[in-house]
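First comes the structure, then the notes that go with it.
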Amino acid sequence: MSGASAGTTTHADAGEVARLEEVARRIRVHVVRVVNHARGGHLGGPLSAADLLAALYFHAMRVRPEDPDWPDRDRFVLSKGHSSIGLYAAMALRGYFPEEELLTFDAAHSRLQGHPDMTRLPGLDMSTGSLGMGISAAMGIALGGRLTGHDIRAFVMLGDGECQEGEVWEAAMAAAKYRLDNLVAIIDHNRLQQFGWHGDGPDGRLPPQVPGELAGKWRAFGWRVLEVDGHDMAAILGVLDEAAHGDGRPTAVIADTVKGKGVSFMEGHYFWHTRLIKPEEFAQAMADLGEPAPAAEEAAR
Amino acid sequence: MTLPMGRPMREIFGETVAELATDDPRIVMLDGDVGSSTRGDIFEQAHPDRYLQMGIAEQNMLGVAAGLATMGLIPFISTFVSFAVVRPLDQIRVLIAQTGLNVKITPGYAGLFTGMTGMSHIIVDDVSIMRAMPGMVTVSPADDVEAAQVLRWAAAYQGPVYVRLVRDATQRLFDESYRFEFGRAVTIREGRDVTLVSTGAQTPRTVDAAELLAAEGIDAHVVHVPTIKPLDVAAIVAAADRTGRVITVEEHTVIGGLGGAVAETLGEHRPTRIDRIGLQDLYIQSGPNDALLDIYGLSAARVSDRVRELLAASR
Ligand SMILES: Cc1ncc(C[n+]2csc(CCOP(=O)(O)OP(=O)(O)O)c2C)c(N)n1
Ligand SMILES: [Mg+2]
């Protein structure tokens, strides 16, 4: 990894790293189980983001799950709102609501809507789903924290495809202008989007066309850029610790990830962005994620 | 006899929100690089720390407003109606209307008076769009007196609001004793022959049209509807009952705006013969204000002519 994070070692000990790796594994298990149960929802994006979500909710963010409206909490905006199930899993594991509730995902009247709805679920800091917007809202939160004298940080997670939205760069420009060093944007750089361009990449598709020079673009907009392997927990904790100390600029963490990470047959395939899981695939996924073989009725939803 | 001129609503905007912010530290203003036009500059002078210049980036501006609102701040938006409503429409929908966040969308340059800019700046369908959006209230004040009160009300109201303001000086309808009530229509003139329902800066011209009609023996009942959503259904039904004949008049497309709202309401509650005076299904050219009012049939004289024609046709 190049960038400012090179050479930074985490202050977290090996036990902490192992604990968070287990959290990330359990997020992935929930993602696959719940999406299979609901017969709908996204897989590739939440799986690529799982390690980052674990590190945010169990290490970097100052939150009180038992008091979700605590005014001095750090905020999180999932700008790539289609990865909602990953966020819900992290929140359930962190204690915001019972893990069993995850199975209501996408059901009518559920608090766990297909895309995050802050009016239904306490602890969600913004509603998202239309790509490109979350970063603006997070910028408003960071600016509002400053104006109201709250020492809070605003974290926002974007997809690399999402960075094709012009609004992302409007926000990037304005956040740098306001020197919002309490704003941390994490870009889940998994090199795939929903469909993308036809070409000679994997499965005949090209990676998102903004990336390639993602780091350079954020730097050019006046951001501090930290690059990290988004599946190396110790390294993730390192950059998030570093990002916590502002230097007058907003911070972009560019996390190198694999879409579908953790499930062998999903990794790196655009078509697992969202797709129904077959029973034998479900069993394989559970095995890949270190879970016991599922009961036939759970696999064959 | 015509109603006198009042002050430009845009000045009222800058002054009133600045005054409100003096008493309420939660109030901030976000500008899309047009504060020198919307008179957001008055706020900037009074409260430079709370004047948040967002540059020419309206989508981001509305999103930032949502984030600020989650932190307990009360953002007022300074831009033109066209750039406040349609450019960032999805941001308004997802981040403001669907969340119910406390953002005040208060653009200037509603209707025809945009300083001779032409159709890119003259938006004819903002009321139709915002009124159709679940979770959004839509208010269109008649004059400077009412605009000041609507802005004060908006600051106190919890939740998203859309308030459309006018750039230039328009006629004054109300005196200082007037009290705006959210969700209430106001009877301006009692009459027996036809009910004219009007909104925004058109209402004073509609009142003048009623006086012209009176000189010809047509006694019009005039109702002003500042709050287009939620609509004052009881008042609309009562006003229709009063004459049995309704004509809406608005400086806006006749599709889906006040005319649409009144037609929907009467269709359901009190089927009544109704006509809609307003902009037809077209875009608007640039030109001096009075010329535009005449060309598009919204001057007092043109409205009274049209009302007379419509009444004759349906007699
Ligand atoms: C404004 C908008 N356009 C299109 C979509 C549909 N959509 C949902 S996810 C997605 C691809 C996102 O790709 P990326 O940002 O790279 O996310 P990830 O790879 O992490 O899933 C698209 C096009 C949307 N949700 N919002
Ligand atoms: Mg991607």
Side-chain angles (χ1 to χ4, degrees), chain A residues 68-69 71-77 79 81 113 115-121 124-156 165-178 180 182-183 221, chain B residues 21 24-33 43 47-77 79 83 87-105 133-135 158-160:
Chain A
D69 295 330
D72 291 316
R73 71 191 185 278
D74 289 338
R75 307 314 200 256
F76 179 68
V77 178
S79 202
Q113 293 283 297
H115 291 80
D117 178 350
M118 70 182 290
T119 68
R120 289 176 188 259
L121 185 66
L124 284 182
D125 294 316
M126 188 52 61
S127 300
T128 51
S130 183
L131 292 167
M133 296 182 188
I135 185 170
S136 300
M139 176 192 157
I141 292 169
L143 184 55
R146 178 193 291 169
L147 290 169
T148 57
H150 284 89
D151 174 28
I152 58 130
R153 281 170 303 188
F155 293 90
V156 53
E165 285 285 358
E167 182 182 2
V168 171
W169 304 102
E170 293 183 3
M173 216 168 347
K177 169 70 190 153
Y178 280 89
L180 292 174
N182 57 348
L183 175 63
F221 277 76
Chain B
D24 189 340
R26 298 171 302 167
I27 291 178
V28 297
M29 186 174 286
L30 278 68
D31 179 36
D33 196 36
F43 185 104
H47 309 286
D49 300 344
R50 282 186 273 158
Y51 191 73
L52 306 173
Q53 181 55 258
M54 290 290 120
I56 313 159
E58 294 80 11
Q59 300 175 67
N60 184 54
M61 174 162 68
L62 274 294
V64 170
L68 289 165
T70 69
M71 297 303 294
L73 295 165
I74 306 177
F76 279 73
I77 300 293
T79 183
F83 310 139
R87 184 66 168 255
L89 186 62
D90 198 29
Q91 285 74 11
I92 295 173
R93 184 178 71 91
V94 172
L95 299 180
I96 297 174
Q98 293 182 354
T99 58
L101 286 168
N102 199 19
V103 176
K104 312 305 168 187
I105 305 170
M133 186 182 288
Q158 177 63 41

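Note that the structure is a prediction, hence the values are computed from the model and not measured.
Counting all heavy atoms, side chain and backbone alike, G144(A) lies closest to L73(B) at CA-CD1, 3.7 Å. Minimum interatomic distance between L95(B) and A137(A) (heavy atoms only, all atoms of both residues): CD1-CB, 4.5 Å. The nearest pair of heavy atoms linking Y178(A) to Y51(B) is OH-O, 4.4 Å.
The most heavy-atom pairs under 4.5 Å with chain B, out of M126(A), M173(A), H115(A), come from M126(A). Comparing L62(B), D90(B), L101(B), T70(B) by how many heavy-atom pairs each has under 4.5 Å with chain A, the most go to D90(B). Between chain A and the options M71(B), M61(B), R50(B), M54(B), the largest number of non-hydrogen pairs under 4.5 Å is found for M71(B). Ranking G72(B), A66(B), A57(B), A65(B) against chain A, the residue ahead of the rest is A57(B), based on heavy-atom pairs under 4.5 Å.
Both the backbone and the side chain of L143(A) come within less than 4.5 Å of a heavy atom of chain B. Within the 4.5 angstrom heavy-atom criterion, only side-chain atoms of T119(A), from C-beta onward, approach chain B. Both the backbone and the side chain of M133(A) come within less than 4.5 Å of a heavy atom in chain B. For a residue to count as touching a neighbouring chain, one of its non-hydrogen atoms must lie under 4.5 Å from one of that chain's; by this rule A171(A) touches chain B with backbone and side chain alike. Residue L30(B): no heavy atom, backbone or side chain, is found under 4.5 Å from chain A. Of the two parts of I135(A), neither the backbone nor the side chain holds a non-hydrogen atom closer than 4.5 Å to a non-hydrogen atom of chain B. Interface remark: Q53(B) contributes backbone and side-chain atoms alike to the contact with chain A (heavy atom separation under 4.5 Å).
Here the side chain of Q59(B) pairs no donor or acceptor atom with the backbone of E167(A) at under 3.5 angstrom.
Interatomic distance, CD of E165(A) versus CG of N60(B), reported as 12.5 Å (0.5 Å rounding). One finds the CZ atom of R26(B) at 14.0 Å from the CG atom of L147(A) (value rounded to the nearest 0.5 Å). If you take CG on L68(B) and OG1 on T148(A), they are separated by 9.0 Å, rounding to the nearest 0.5 Å. S127(A) OG to I96(B) CD1: the interatomic distance, rounded to the nearest 0.5 Å, is 11.5 Å.
Atom CZ of R87(B) has 12 or fewer neighbouring heavy atoms from other residues, nucleotides or ligands inside a 6.0 Å radius.
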